[in-house]
J.: 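The structure is given below, and queries will be raised subsequently.
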Amino acid sequence: MGDIITIKNPLDMHLHLREGEILEAVFPYTYERFIGGVVMPNLSIPISNTQLALDYQHTLKTLNPSFLPLIALYLTDTLTQAELHKAHHHGLKILKLYPKGATTNSQNGVSEILNPHTLELLEEAQKLEMILSIHAESNGYSLDREYEFLPIIEELASSFPKLKIIIEHLSDHRSIEVLEKHANLFATLTLHHITLSLDDMLGGGLKPHLFCKPILKTPKDRDTLLSLALQAHPKISFGSDSAPHLESKKLSPSGSAGIFSAPMLLEQLCELFEKHNALENLQAFVSDNAIKNYNLDIKSEKTITLQKKSQSIPLEISLQQDRIIPLNAGMSCNWKII
Ligand code: NCD
Ligand code: ZN
């Protein structure tokens with residue numbers, strides 16, 4: 001293998017591309033590295049029906065025809081069974097459940113998850129073989145939010161045993177037991193939750209650019225999740241949760257949650273897996289597991305080749321009136337796409 005590695009069909013199974021100027025600025029970082037991925041629907045107007053999803057898909061295709069955008073449909077209290085069928089008919093296969101108020105643009109999320117309306121929709125989603133992605137956090141104490149949400153995950157997993165359920169951006173080691181327990185539970189993992197802990201955000205100076213939901217947790221959480229990634233645990237796919245926000249919003253009193261990790265993600269994953277002697281598992285973590293777990297039918301084959309060569313992660317992405325600061329801005333990364 002030496003100093004060159006080739007990855008086949010890399011996928012990012014959780015990312016935020018936004019709209020307008022931000023979309024145009026950030027999307028290339030993703031489509032230059034990944035053949036496709038799950039694009040989250042929490043836009044300023046949430047992607048809560050089929051037409052909005054198709055319009056967004058069209059916008060993304062116009063910017064890059066070869067990227068495969070798997071647009072998640074935002075599950076709201078007003079989503080109907082008929083709309084769910086329409087979405088399925090048009091090829092949308094992922095439903096995204098946000099507990100109301102849990103994160104950025106989740107005000108249209110579901111306030112009472114186990115309510116009859118949601119349960120009926122999930123019953124139907126199960127029949128249609130759709131996939132349910134969940135932002136799994138309660139509204140309790142920050143460090144316990146994912147843990148507190150686990151009973152709801154378990155309830156859903158056992159009520160709908162044929163519905164594939166993804167715990168998005170796994171962040172707490174206490175979730176792993178639940179993930180293992182139910183055959184229909186899967187998860188995504190971000191780069192930041194497997195490399196950083198809460199101290200990186202606030203143990204020294206305060207680093208608002210590392211503030212995200214779910215919040216970074218303990219070194220034990222980080223290390224346990226990292227080991228799952230390094231072994232390419234079959235139930236887990238890579239999903240960056242790259243979530244760009246304008247610097248002015250990150251630094252404002254309401255401090256937007258989200259880490260913009262898209263620049264040099266694959267390169268940084270290579271560096272991480274190499275450091276831990278696990279490069280042979282990177283292919284499964286960034287592609288094969290996702291293809292199996294999301295039943296993806298990918299016809300073409302695209303490869304990305306990386307070489308061991310040092311480069312710097314951009315300091316900023318400049319926009320007309322503002323900028324976006326990437327994860328690990330200015331740091332060096334010793335792998336490069338060739
Ligand atoms: C995401 C965003 O900014 O859209 N923020 C975040 O902190 N991860 C939303 C999300 O996935 O929670
Ligand atoms: Zn997200």
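First listed ligand is number 1; within each ligand, the first listed atom is number 1. In this text the structure is predicted, and so the values were computed from the model without any measurement.
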J.: Does His16 put an N, O or S atom under 2.8 Å from the Zn ion (ligand 2)?
T.: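 Coordinating: yes.
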J.: Roughly how far, to the nearest 0.5 Å, is the OG1 atom of Thr188 from the CZ atom of Phe238?
T.: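 Those atoms lie 9.5 Å apart.
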J.: Walk me through it: do Glu247 and Lys250 pass the test salt bridge (Lys or Arg N to Asp or Glu O under 4.0 Å)?
T.: CA-CA 5 Å; Glu247 185 178 46; Lys250 291 288 295 175; over 6 Å; no
J.: Looking at Asn108 and Thr76, would you say the former's side chain and the latter's main chain have a donor-acceptor pair under 3.5 Å?
T.: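 The answer is no, because no donor-acceptor pair under 3.5 Å joins these two groups.
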J.: Show me which atoms of ligand 1 lie under 4.0 Å from any heavy atom of Gly258.
T.: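 Going through ligand 1 atom by atom, the ones under 4.0 Å from Gly258 are 5 (N), 6 (C), 7 (O).
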J.: Determine yes or no for a side-chain-to-main-chain donor-acceptor pair under 3.5 angstrom, with Thr303 supplying the side chain and Thr6 the backbone.
T.: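 Side chain of Thr303 to backbone of Thr6, a donor-acceptor pair under 3.5 Å: no, none is there.
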J.: So, Glu112 and Lys100, do they make that salt bridge, N to O below 4.0 Å?
T.: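 So Glu112 does not pair with Lys100 through a salt bridge.
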J.: Provide, to 0.1 Å, the distance between atom 8 (N) of ligand 1 and the closest protein heavy atom, together with that atom's residue and name.
T.: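 Answer for atom 8 (N) of ligand 1: Asp241 OD2, 2.7 Å.
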J.: Find out if a path of hydrophobic residues (ILVMFWY) with successive side-chain heavy-atom gaps under 4.5 Å connects Leu191 to Trp335.
T.: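 Yes; Trp335 is reachable from Leu191 via cluster members.
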J.: When the ring planes of His169 and His14 are compared, do they come out parallel, tilted or perpendicular, using 30° and 60° as the limits?
T.: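 His169 and His14: tilted rings.
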J.: Out of all atoms in ligand 1, which are within 4.0 Å of some heavy atom of Cys212? Include the element for each.
T.: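 Reading through ligand 1 atom by atom, the close ones are 7 (O).
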J.: Between ligand 1 and Arg18, is the shortest N or O to N or O distance under 3.5 Å?
T.: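 Indeed, backbone or side chain, Arg18 has an N or O that close.
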J.: Does His169 have a non-hydrogen atom less than 4.0 Å from ligand 1?
T.: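 True for this residue.
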J.: If you measure every N/O of Phe211 against every N/O of ligand 1, is any gap under 3.5 Å?
T.: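 No - when backbone and side-chain N and O of Phe211 are compared with those of ligand 1, no distance drops under 3.5 Å.
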J.: Against heavy atoms of His14, which atoms of ligand 1 measure under 4.0 Å?
T.: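 Contacts of ligand 1 toward His14, numbered from 1: 11 (O).
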J.: Go through the steps to decide whether His117 and Asp77 satisfy the test side-chain hydrogen bond (donor to acceptor under 3.5 Å, both in side chains), and finish with yes or no.
T.: CA-CA 7 Å; His117 175 254; Asp77 284 328; 4.7 Å; no
J.: What do you reckon, does His245 have a nitrogen or oxygen under 3.5 Å from a nitrogen or oxygen of ligand 1?
T.: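 Yes, there is a polar N/O contact under 3.5 Å.
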J.: Tell me, which protein residue and heavy-atom name are nearest atom 7 (O) of ligand 1, and how many Å apart are they?
T.: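 Of every protein heavy atom, Lys213 N, 2.7 Å lies nearest to atom 7 (O) of ligand 1.
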J.: Answer yes or no for His135: is there an N/O/S atom below the 2.8 Å cut-off from the Zn ion (ligand 2)?
T.: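 For His135, the answer is no, given that no N, O or S atom comes within less than 2.8 Å of the Zn ion (ligand 2).
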J.: Test the Lys235-Phe186 pair against the cation-pi criterion, namely NZ or CZ under 6.0 angstrom from the six-membered ring centroid and within 45° of the ring axis.
T.: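 Output yes; distance and angle both within limits.
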J.: Which N, O or S atom name in Asp241 marks its closest approach to the Zn ion (ligand 2)?
T.: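 Output for this pair reads OD1.
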J.: Starting from atom 5 (N) of ligand 1, what is the nearest protein heavy atom, named by residue and atom, and what distance separates them?
T.: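 Going atom by atom, the protein heavy atom closest to atom 5 (N) of ligand 1 ends up being Ala257 O, 3.1 Å.
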J.: Starting from atom 1 (C) of ligand 1, which protein heavy atom do you reach first, and at what distance in Å?
T.: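 For this ligand atom, the closest protein heavy atom is His16 NE2, 3.7 Å.
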J.: Quick check: does any side chain N or O of Glu271 sit under 3.5 Å from a backbone N or O of Asn334, one acting as donor and the other as acceptor?
T.: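 A pair under 3.5 Å: yes.
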J.: Using the rule that two of Ile, Leu, Val, Met, Phe, Trp, Tyr join whenever any of their side-chain heavy atoms come within less than 4.5 Å, decide whether Phe27 and Leu54 are in one cluster.
T.: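 Result: no, two separate clusters.
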J.: Do me a favour and list the nearest non-hydrogen protein atom to atom 12 (O) of ligand 1 with residue, atom name and distance?
T.: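 Of the protein heavy atoms, Thr103 OG1, 2.6 Å lies nearest.
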J.: If you measure every N/O of Ile259 against every N/O of ligand 1, is any gap under 3.5 Å?
T.: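 In this structure, Ile259 places no N or O atom under 3.5 Å from an N or O of ligand 1.
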J.: Around atom 4 (O) of ligand 1, find the nearest protein heavy atom and jot down its residue, atom name and distance.
T.: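 Scanning the protein heavy atoms, the shortest distance from atom 4 (O) of ligand 1 goes to Asn42 ND2, 2.7 Å.
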